[in-house]
Amino acid sequence: MKQIIDNVEVYILTGPSEKRPHWVSHFIVPTANELLVKIKTKQGLEGFGIATNYSDINPIIEVFKTDFLDQIIGMDATCPEVIYEKIFNLTAQKLSFEKKWGKEALIRISAAIDIACWDLIGKASNFPLYKLFGGYRNKVPCYVTCAYYRDGKDNKELKDEIQMLLGQGHQGFKGKVGGLSLKEDIDRMNIVRDVIGDEKSLMIDVNRAWDLKTAIEAVNLLKPLNPFWLEEPVRWSDDRRELKLLSQKTDIPISGGESELTIYGCRAMLEEQAIQILQFDCTMFGGFTAGKKLSALCELNHVDIAPHHDCFIHAHIVAGSPSGLIVESFTDPERDPLQAELFTNPPKIENGWLYLNDEPGLGLDLSKDALLKFGNKIV
């Protein structure tokens with residue numbers, strides 16, 4: 001049965017300003033800077049999708065203010081391949097130049113709309129998405145990202161933070177490095193390892209801060225900490241080739257992919273045999289339509305998937321496929337208030353596992369209070 005798109009509501013979700021922002025190696029991570037799209041159909045169903053944005057969100061807002069929604073009103077939401085292809089193809093058409101629709105903005109928008117379409121498909125079929133994506137399992141491993149840099153944050157505060165998260169029952173911890181000297185960062189990761197013990201997983205995220213020589217030195221120094229993976233260790237300018245060269249120097253698994261603009265960049269990382277773990281982000285590029293393709297490609301190439309951010313969204317992709325490894329969470333509300341408040345029925349996270357809801361589609365109910373608190377309706 002068709003589900004014809006009749007109306008679309010668009011919100012920008014913004015978190016509160018922080019007095020002490022959370023830094024990674026070389027930029028501040030916003031507490032929230034996301035696009036939320038609600039799609040309603042003539043047949044009476046509604047689905048929503050989210051896109052994550054770390055840069056200025058105004059170019060996305062401007063797209064919606066210039067008749068963009070005319071492109072999808074009247075289309076069948078149960079045909080996400082058609083809708084995704086139409087929006088993505090706009091990035092290479094004269095219309096986007098005339099309307100001043102930027103490439104990155106269109107890609108972010110396509111992700112949110114695609115996820116909303118899949119939410120609708122799940123509701124129309126009365127199946128949760130993880131079952132439509134393969135139903136490999138109904139729970140997935142989950143880790144917490146932590147150890148951000150903050151003004152005035154010393155090693156005692158770092159230790160207190162990790163002890164707090166340990167008390168929440170986490171079994172995996174991802175710490176941030178790359179913003180200090182190699183010695184200082186390794187000292188910080190030693191603190192994390194000391195607090196969590198040898199049995200729990202420690203991931204290390206550089207956010208593309210090191211040159212290749214520093215990364216080679218680092219993998220040797222980090223080896224005693226037994227990292228579960230080393231994430232985006234080298235700078236953006238030649239990262240695919242340098243990741244491959246680094247992989248040849250260490251048996252620490254190398255991960256990456258969140259910083260790609262399209263799924264084709266992720267494909268190139270696999271073709272280069274540059275990584276062992278792919279961290280694409282359905283909310284930044286491609287939505288579930290592209291995420292399903294990447295998860296299948298990874299399975300065929302013996303690469304695991306550990307998507308970036310938005311664990312309640314990405315859990316469906318990870319649970320649907322044998323290539324699914326783990327999801328990323330942010331259980332400190334100061335760092336990510338949306339994970340804490342956006343849904344009235346968030347999946348349970350307990351002892352290192354995320355248990356998916358069995359409600360249809362995404363299985364998530366938006367909180368009206370959170371939408372009022374964080375949302376600004378633009379369409």
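These numbers come from a predicted model, not from an experiment.
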Expected output: side-chain [X] to main-chain [Y] donor-acceptor under 3.5 Å:
| X | Y | answer |
| --- | --- | --- |
| D336 | Q339 | yes |
| N357 | G363 | yes |
| E34 | L13 | no |
| S125 | G122 | yes |
| T250 | L246 | no |
| Y149 | G179 | yes |
| Q171 | S201 | no |
| R235 | R208 | no |
| D211 | T214 | yes |
| R193 | G197 | yes |

Are side-chain heavy atoms of [X] and [Y] found at a separation under 4.5 Å?
| X | Y | value |
| --- | --- | --- |
| I275 | S255 | no |
| K40 | V8 | no |
| F64 | I60 | yes |
| N58 | I61 | yes |

Begin from the C-alpha positions of E271 and R267 and carry the test salt bridge (Lys or Arg N to Asp or Glu O under 4.0 Å) through to its verdict. CA-CA 6 Å; E271 290 173 341; R267 180 191 66 187; 3.7 Å; yes
Criterion side chain to side chain contact (heavy atoms under 4.5 Å, CB included) against L297, the qualifying member of L270, V303, L278: L270
Out of the candidates L202, I254, L325, only one should pair with W229 under the side chain to side chain contact (heavy atoms under 4.5 Å, CB included) rule; please name it. L325
Determine, step by step, whether E62 and K100 satisfy the salt bridge (Lys or Arg N to Asp or Glu O under 4.0 Å) criterion, reporting the C-alpha distance in whole Å, the side-chain angles of both residues, the deciding distance to 0.1 Å, and the verdict. CA-CA 8 Å; E62 291 304 312; K100 299 181 180 179; over 6 Å; no
Answer yes when [X] and [Y] have at least one side-chain N-carboxylate O distance shorter than 4.0 Å, and no when they do not.
| X | Y | value |
| --- | --- | --- |
| E260 | R240 | yes |
| D205 | K176 | yes |
| K159 | D194 | no |
| R241 | E272 | yes |
| K94 | E98 | yes |
| K123 | D119 | yes |

In Å and rounded to the nearest 0.5 Å, what is the [atom1] to [atom2] distance from [X] to [Y]?
| X | Y | atom1 | atom2 | answer |
| --- | --- | --- | --- | --- |
| I317 | K292 | CD1 | NZ | 7.5 Å |
| H314 | I305 | NE2 | CD1 | 9.0 Å |
| F330 | L165 | CZ | CG | 11.5 Å |
| K244 | D239 | NZ | CG | 14.0 Å |
| L362 | H316 | CG | NE2 | 5.0 Å |
| L90 | F97 | CG | CZ | 15.0 Å |

Is it the case that the side chains of [Y] and [X] hold a donor-acceptor pair, with the cut-off being a distance below 3.5 Å and no angle test?
| X | Y | answer |
| --- | --- | --- |
| E232 | S259 | yes |
| D281 | T283 | yes |
| S55 | E104 | yes |
| N33 | T14 | no |
| T145 | E328 | yes |
| S329 | T331 | no |

With a cut-off of 6.0 Å (strictly less than), are more than 12 heavy atoms of other residues, nucleotides or ligands near [atom1] of [X]?
| X | atom1 | result |
| --- | --- | --- |
| Y136 | OH | no |
| Q43 | CD | yes |
| K99 | NZ | yes |

Locate the shortest heavy-atom distance separating [X] from [Y]; write the atom from each residue and the value.
| X | Y | value |
| --- | --- | --- |
| K139 | R137 | O-CD, 3.1 Å |
| I252 | V219 | CD1-O, 3.7 Å |
| H170 | K200 | O-CE, 3.5 Å |

According to a hydrophobic-cluster definition based on side-chain heavy atoms being under 4.5 Å apart (Ile, Leu, Val, Met, Phe, Trp, Tyr only), do [X] and [Y] belong together?
| X | Y | value |
| --- | --- | --- |
| V24 | M284 | no |
| F285 | Y54 | no |
| L166 | I204 | yes |
| Y143 | F280 | no |
| F343 | V327 | yes |

Assess the pair W118 and F48: is the distance between their ring centroids shorter than 6.0 Å?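 Ring-ring flag for W118/F48: false, centres at least 6.0 Å apart.
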Would W23 and Y148 count as a close aromatic pair, with their ring centres under 6.0 Å?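 No.
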Would D185 and R188 satisfy salt bridge (Lys or Arg N to Asp or Glu O under 4.0 Å), going step by step from the backbone distance to the final call? CA-CA 5 Å; D185 274 334; R188 293 171 62 252; 3.0 Å; yes
Could you walk me through whether T41 and Q3 pass the side chain to side chain donor-acceptor pair (under 3.5 Å) test, one step at a time? CA-CA 6 Å; T41 70; Q3 292 289 331; 2.6 Å; yes
Using the ring of Y355 (Phe, Tyr or Trp, six-membered ring only), decide whether K348 places NZ or CZ under 6.0 Å from its centre and within 45 degrees of its axis.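 Yes, K348 sits over the ring of Y355.
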